[in-house]
Amino acid sequence: MVNIAIVIGAGSSIGGSLINELARDESVDRIVAVGRTAYPEHAEHSDKVSYLRSDYSEESISAVCTELEPGKGSITRLIICNGILHTDEISPEKRLEDISASSMREILNVNTVIPLLWLAKLAPLLKSKSTCRVAILSARVGSIEDNRTGGWYSYRASKAALNMLIKTAAIELRRRAPNVKLIAFHPGTTDTRLSKPFQRSVPEGKLFTPEFVAKALLGLLRTLEPDTEQEFFDWDGQPVPW
Ligand SMILES: NC(=O)c1ccc[n+]([C@@H]2O[C@H](COP(=O)([O-])OP(=O)(O)OC[C@H]3O[C@@H](n4cnc5c(N)ncnc54)[C@H](OP(=O)(O)O)[C@@H]3O)[C@@H](O)[C@H]2O)c1
């Protein structure tokens with residue numbers, strides 16, 4: 001059976017490194033990489049990788065899923081990387097006066113709605129005899145219990161909502177697709193576009209490379225079984241409180 005890994009949000013730095021690591025993994029036969037651009041800048045060329053474009057509309061997500069019809073192999077890994085903290089127009093809020101409805105909607109759409117749409121539309125294709133490990137990139141700042149510093153309202157809320165959706169979907173999948181293990185993953189502060197403006201305050205040795213994080217996530221996934229209870233992990237394989 002052809003062993004397929006899917007990376008959604010392939011244009012992200014972490015996504016690019018995941019694609020490169022998966023391409024080097026002999027147990028993976030084919031990698032499907034999905035993103036807004038045809039050739040993500042961070043991924044190296046490999047014959048094992050097929051790139052599919054998506055604008056992340058519901059129609060486009062459905063169209064990609066149709067190309068992945070069952071019978072073409074077993075999906076054993078699915079990793080969803082989409083997430084924004086800032087854009088040219090949006091900065092993370094420092095105080096209540098900074099709240100903007102349109103910025104909040106955009107962040108919730110990219111960080112929460114789009115990952116769940118992918119999970120919902122891909123779920124029927126994940127059920128099989130093989131174990132399928134699914135990770136959605138979340139963030140520790142989405143942990144309500146761990147919120148000590150405040151700020152970043154929209155980003156925090158979008159990841160907290162994502163975490164709740166992951167927890168809820170994990171409960172449903174346990175019943176409907178017992179071969180699937182779904183987790184939320186906190187990569188730690190990683191040297192990417194997303195963290196660039198905020199790297200000055202990161203303690204020495206705590207700014208990770210995307211390659212390090214990709215290896216950490218793929219290593220963690222290898223250790224997880226569908227009956228593993230925990231669902232929110234960090235880069236070190238440690239549980240993060242919801
Ligand atoms: N870097 C960190 O320190 C850090 C810390 C905690 C959590 N994370 C999480 O890790 C994940 C990967 O981020 P990264 O650090 O690798 O950042 P990145 O390189 O900036 O990647 C951004 C990702 O978001 C997607 N994206 C951007 N704008 C979008 C839009 N308008 N609609 C849909 N998708 C959009 C991109 O999709 P395309 O592939 O289509 O371009 C890409 O997958 C994110 O979920 C982030 O929240 C990162």
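Numbering starts at 1 and runs along the sequence shown. Counting starts at 1 for both ligands and their atoms, in listed order.
- Residue His186 places no N or O, backbone or side chain, under 3.5 Å from any N or O of ligand 1.
- Distances between N or O atoms of Cys81 and those of ligand 1 include at least one value under 3.5 Å.
- Residue Gly11 places at least one N or O, backbone or side chain, under 3.5 Å from an N or O of ligand 1.
- Contact atoms of ligand 1 toward Ala139: 6 (C), 7 (C) (distance under 4.0 Å to a heavy atom of the residue).
- Paired with Leu137 under the rule side-chain contact (heavy atoms from CB on, under 4.5 Å), one option of Asn82, Leu217, Ile80 passes, and it is Leu217.
- Given atom 9 (C) of ligand 1, the protein heavy atom at minimum distance is Ser138 O, 3.8 Å.
- Annotation for ligand 1: atoms under 4.0 Å from non-hydrogen atoms of Val110 are 29 (C), 30 (C), 31 (N), 32 (N), 33 (C), 34 (N), 35 (C).
- There is no side-chain donor-acceptor pair under 3.5 Å between Arg30 and Asn3.
- Counting only heavy atoms of the protein, atom 28 (N) of ligand 1 lies nearest to Arg36 NH1, 3.3 Å.
- In this pair, Tyr155 and Trp152 present their aromatic rings perpendicular. The plane angle is above 60°, beyond the 30 to 60° band.
- A donor-acceptor pair under 3.5 Å is formed between the side chain of Thr192 and the backbone N or O of Leu194.
- Residue Leu194 has at least one heavy-atom neighbour below 4.0 Å for each of these atoms of ligand 1: 1 (N), 2 (C), 4 (C), 15 (O), 17 (O), 20 (O), 46 (C), 47 (O), 48 (C).
- Ligand 1 has Gly188 within reach: a non-hydrogen atom of the residue lies less than 4.0 Å from it.
- Checking Ser154 against Glu93 by side-chain atom types alone, a donor-acceptor pair falls below 3.5 Å.
- Here Glu229 does not pair with Arg174 in a salt bridge; the nearest charged N to carboxylate O distance is not below 4.0 Å.
- Of the listed options Gln199, Lys196, Arg193, Glu106, Arg193 places a heavy atom closest to atom 18 (P) of ligand 1.
- From the protein, the heavy atom lying nearest to atom 47 (O) of ligand 1 is Tyr155 OH, 2.7 Å.
- Side-chain contact annotation: Asn179 with Thr131, donor-acceptor N/O pair under 3.5 Å absent.
- Close contacts of ligand 1 with Ile114, meaning ligand atoms under 4.0 Å from a residue heavy atom, involve 33 (C).
- Not a single N or O atom of Gly35, backbone or side chain, sits closer than 3.5 Å to an N or O atom of ligand 1.
- Looking at Lys196 and Asp191, a side-chain N of the basic residue comes within less than 4.0 Å of a carboxylate O on the acidic one, giving a salt bridge.
- With 3.5 Å as the limit, one finds a donor-acceptor pair spanning the side chains of His45 and Asp47.
- In terms of N/O distances under 3.5 Å, ligand 1 is not approached by Thr189.
- At under 3.5 Å, a nitrogen or oxygen of Gly83, whether backbone or side chain, sits near a nitrogen or oxygen of ligand 1.
- The protein atom (non-hydrogen) at minimum distance from atom 25 (C) of ligand 1 is Asn82 ND2, 3.7 Å.
- Taking 4.0 Å as the cut-off, Ala10 counts as a neighbour of ligand 1 on heavy-atom distance.
- In the vicinity of Leu137, heavy-atom distances shorter than 4.0 Å reach the ligand 1 atoms 10 (O), 11 (C), 45 (O).
- Considering backbone and side-chain N/O atoms, Thr37 never comes within less than 3.5 Å of an N/O atom of ligand 1.
- Atom 16 (O) of ligand 1 has Ile14 N, 3.2 Å as its closest protein atom, hydrogens excluded (heavy atom only).
- Residues in residues 130-144 take part in these salt bridge (charged side-chain N to carboxylate O under 4.0 Å, His left out) pairs, two or more places apart or across chains: Arg133-Glu225, Arg140-Asp234.
- Contacts of Arg140 with ligand 1, taken as heavy-atom pairs under 4.0 Å, are absent altogether.
- The shortest contact between atom 33 (C) of ligand 1 and any protein heavy atom is with Tyr56 CD1, 3.2 Å.
- Counting non-hydrogen atoms of other residues, nucleotides and ligands closer than 6.0 Å to CD of Glu204 gives a total of 12 or fewer.
- Each of Val180, Ile6, Ile79 was scored for a side-chain contact (heavy atoms from CB on, under 4.5 Å) with Val134, with one residue passing: Val180.
- Within ligand 1, the atoms closer than 4.0 Å to a non-hydrogen atom of Ile84 are 27 (C), 28 (N), numbered from 1 in the order shown.
- At the top of the distance list for atom 8 (N) of ligand 1, counting protein heavy atoms only, stands Pro187 CG, 3.6 Å.
- The environment of CE in Met164 is sparse: at most 12 heavy-atom neighbours from other residues, nucleotides or ligands sit within 6.0 Å.
- By the 30° and 60° cut-offs, the orientation of the rings of Trp118 relative to Tyr56 is perpendicular.
- At the top of the distance list for atom 21 (O) of ligand 1, counting protein heavy atoms only, stands Ser12 CB, 2.9 Å.
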